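To start, the structure itself, in structure tokens.
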Amino acid sequence: MDESWRSDLLEKLKRRNRTEVLPFQNLFEMQNKLLEQNINLKTENSSLNFITEKLKEENLHLKSKSTSENISQNNENFLELQKKLFNVQEELTELHRRKGENAQQVIDLSAALKVSDKDLVEKQSKIDSLEAELISLTDDLKRTEIQMVELESTNQLLKDEYQALQLALNSAETKLRAIQKENEVLVTQLMELKAKDADRMNFENDQFLQKQQQQMQIELAEAAKEQKSVSPEKLVSAQLGLEQAVFTGVTIPTKAHIKFEAHDGEIMSARWDYAGRFFATAGADRKIKIWEISKGISCELKSTLTGSNAAVMGIDFDTSGTMILGSSNDFATRVWTIEDCRLRHTLTGHSGKVLSAKFLGDATRVVSGSHDRTLKVWDLRSKACICTKFAGSSCNDLVTSDQVIISGHFDKKVRLWDNRSSSSEPMSEMVVGGKVSSLDLSRDLNYLAVCSRDDKIQILDLRKGGGVVGTVGGEGFHVGCDWSRVSLSPSAEEVVGGGGEGGVHIWNIVSGVSEGVLRGHSSTVAAVSWHPGGGNIVSVDKSKTCIIWG
């Protein structure tokens, strides 16, 4: 390495001599010759001057010695001398002219020499700076060579690691393909097992339904023999097509008639059917249970609906009481027929928990609200989503009328949607004091109860553009969870809500005064539902307990 840079430097110096010194070599030699000629001319000029002076002296001497006899001879000599003198003067003039030319050449050459010296100084300084830069570059080159050696070793190490990882990847891909094949086999087996399990479940439901019908026939026969009377509150008009319960007026419940454990885990929701014949509960055990009151002293399990893969958060009956739906935390909504307990539809498409779902108008359409900040309208005949509403906030609950969807959201807003419109924007929005946990619509579709996490329940008059007609709650009432469901009475003059401390609170909407607090739960009351007949309330809590109040 040392020999190479020394030879490079020597070569550069020789190249510099060739480009900066040799072009001026002829100039230097010419100047030296001119200087020598100048010196010679000066010497010759001096000698001629000396001869001239000598001739003048000789001429004067001859003039003084000349006589009249030799004047003619002297004149000839004089003329000859004058001629010689004239020649000498001409030669002297020529020498002066040549001296002037040489002097001018000396001046020009001196100026050129000064310019050359100046260029030489500049180039010398440039050479010095380039030499310094060369030394710096040499040091940089050494450091770069060291880094290059280190990088080569690192690169070799990375190559070795890459080869090892490539081998590991190939092995993993081989295992993945084997696992995928095994997974396909397992999925096929699982689907077969699920199909068998569904057939078994349907068979068990059929058996349970037959036993239930037999038990009902036995009880009906016993009741016919005993000639049992029916209280007005439980009177059902069988002549009406929808079998609506007779509403004889609202009676404020004061005590617990029936208390029992309804599920194996937390109970998330409860709801009466439209006729008031039975009610349903849904829980974290992934089941929906349908109950009916037997002999006024106990609740009998009418049916158990399974198929959900996570907690069921919301339930709803269709107006005919033949179908029930459940919204689940497994991002799906399912629809069962009550009579045979069969799972009829599974509606998937949301990317978040489905906290609420309702039938829309009739039993052919369903609307669901999810944590993925969308609402979806489903057609059960085509089993497809026919409309998606982008709310921009998680939906905690919703209610429906014929063509209107009302949704409550995490961003403290209640939104009204027109299902007939293709617009993705709501018809109107109403803001409440906290994130909405529950909505309930009155029978006449005029009033909307909105429960929010600021521990308030507002009653909105939908005929007046959502104007607030009453606000209850506040002190002594605490909303215990994001899905705490409230319920309006059949007359829409009272509202009931479950508290986080375990109380069931009832208020008069007109006066805003509490009608009482029912105590019986030991944990947060998650949902309440007022019987369509006006005399009973069902409430459920997070500790598996269900209470019928009357």
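As the structure is a prediction and not an experimental result, all values here were calculated from the model. Computed from heavy atoms alone, side chains included, the values below leave out hydrogens, waters and symmetry copies.
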I need the [X] [atom1] to [Y] [atom2] distance, nearest 0.5 Å.
X      : Y      : atom1 : atom2 : result
Glu300 : Glu292 : CD    : CD    : 6.5 Å
Leu305 : Lys302 : CG    : NZ    : 10.5 Å
Arg177 : Lys175 : CZ    : NZ    : 12.5 Å

Do the side chains of [Y] and [X] get nearer than 4.5 Å, heavy atoms only?
X      : Y      : value
Val250 : Trp530 : yes
Ile252 : Glu494 : yes
Leu448 : Val450 : yes
Val366 : Asp316 : no

field: Trp417 and Ser407: side chain donor to acceptor below 3.5 Å
entry: yes
message: If only side-chain N and O atoms count, and only distance matters, is there a donor-acceptor pair under 3.5 Å linking Thr304 with Lys287?
response: no
task: Begin from the C-alpha positions of Trp291 and Thr281 and carry the test side-chain hydrogen bond (donor to acceptor under 3.5 Å, both in side chains) through to its verdict.
output: CA-CA 8 Å; Trp291 308 85; Thr281 58; 3.0 Å; yes
Under 3.5 Å donor-acceptor, [X] side chain and [Y] backbone:
X      : Y      : result
Ser487 : Ser529 : no
Lys358 : Leu398 : yes
Thr251 : Gly535 : no
Arg334 : Ser327 : no
Thr154 : Glu150 : yes
Ser269 : Gly314 : no
Asp440 : Leu488 : yes
Ser442 : Asn446 : yes
Ser421 : Asp418 : no
Ser514 : Gly516 : yes

message: Would you say the rings of Phe317 and Trp272 are close, in the sense that their centroids are separated by under 6.0 Å?
response: no
Residue list, side chain to side chain contact (heavy atoms under 4.5 Å, CB included) with Asp411, at least two apart or on another chain: Ser393, His409, Lys413, Arg415
Is it true that, when you exclude [X] itself, more than 12 heavy atoms of the residues, nucleotides or ligands shown sit nearer than 6.0 Å to its [atom1]?
X      : atom1 : answer
Tyr162 : OH    : no
Arg453 : CZ    : yes
Phe359 : CZ    : yes
Glu429 : CD    : yes

Ion pair check, [X] and [Y], cut-off under 4.0 Å:
X      : Y      : answer
Arg342 : Asp340 : yes
Arg519 : Glu501 : yes
Asp264 : Lys289 : no
Arg381 : Asp379 : yes

query: Which is it for Ser543 and His521 under the side-chain hydrogen bond (donor to acceptor under 3.5 Å, both in side chains) test, yes or no, and what are the steps along the way?
result: CA-CA 8 Å; Ser543 59; His521 292 282; 5.9 Å; no
task: Determine the minimum heavy-atom distance between Leu375 and Ala391, stating which atoms define it.
output: CD1-CB, 4.0 Å
statement: For Gly503 and Val517 the tightest heavy-atom approach is CA-CG1, 4.0 Å
Trp378 and Ser368: CA distance, side-chain angles, deciding distance, side-chain hydrogen bond (donor to acceptor under 3.5 Å, both in side chains) verdict: CA-CA 8 Å; Trp378 309 85; Ser368 57; 2.9 Å; yes
Exercise answer: donor-acceptor pairs, residues 432-439 side-chain atoms, under 3.5 Å, sequence neighbours excluded:
from   : atom 1 : to     : atom 2 : distance (Å)
Ser437 : OG     : Cys451 : O      : 3.3
Ser437 : OG     : Ser484 : O      : 3.4
Ser438 : OG     : Val486 : N      : 3.0

Derivation and outcome, side-chain hydrogen bond (donor to acceptor under 3.5 Å, both in side chains), residues Ser328 and Ser308: CA-CA 7 Å; Ser328 175; Ser308 177; 2.9 Å; yes
- request: Could you tell me how the ring of Phe477 sits relative to the ring of Trp507: parallel (under 30°), tilted (30 to 60°) or perpendicular (over 60°)?
  value: perpendicular
- prompt: What residue pairs, at least two apart or across chains, pass salt bridge (Lys or Arg N to Asp or Glu O under 4.0 Å) with a residue in residues 538-550?
  reply: none
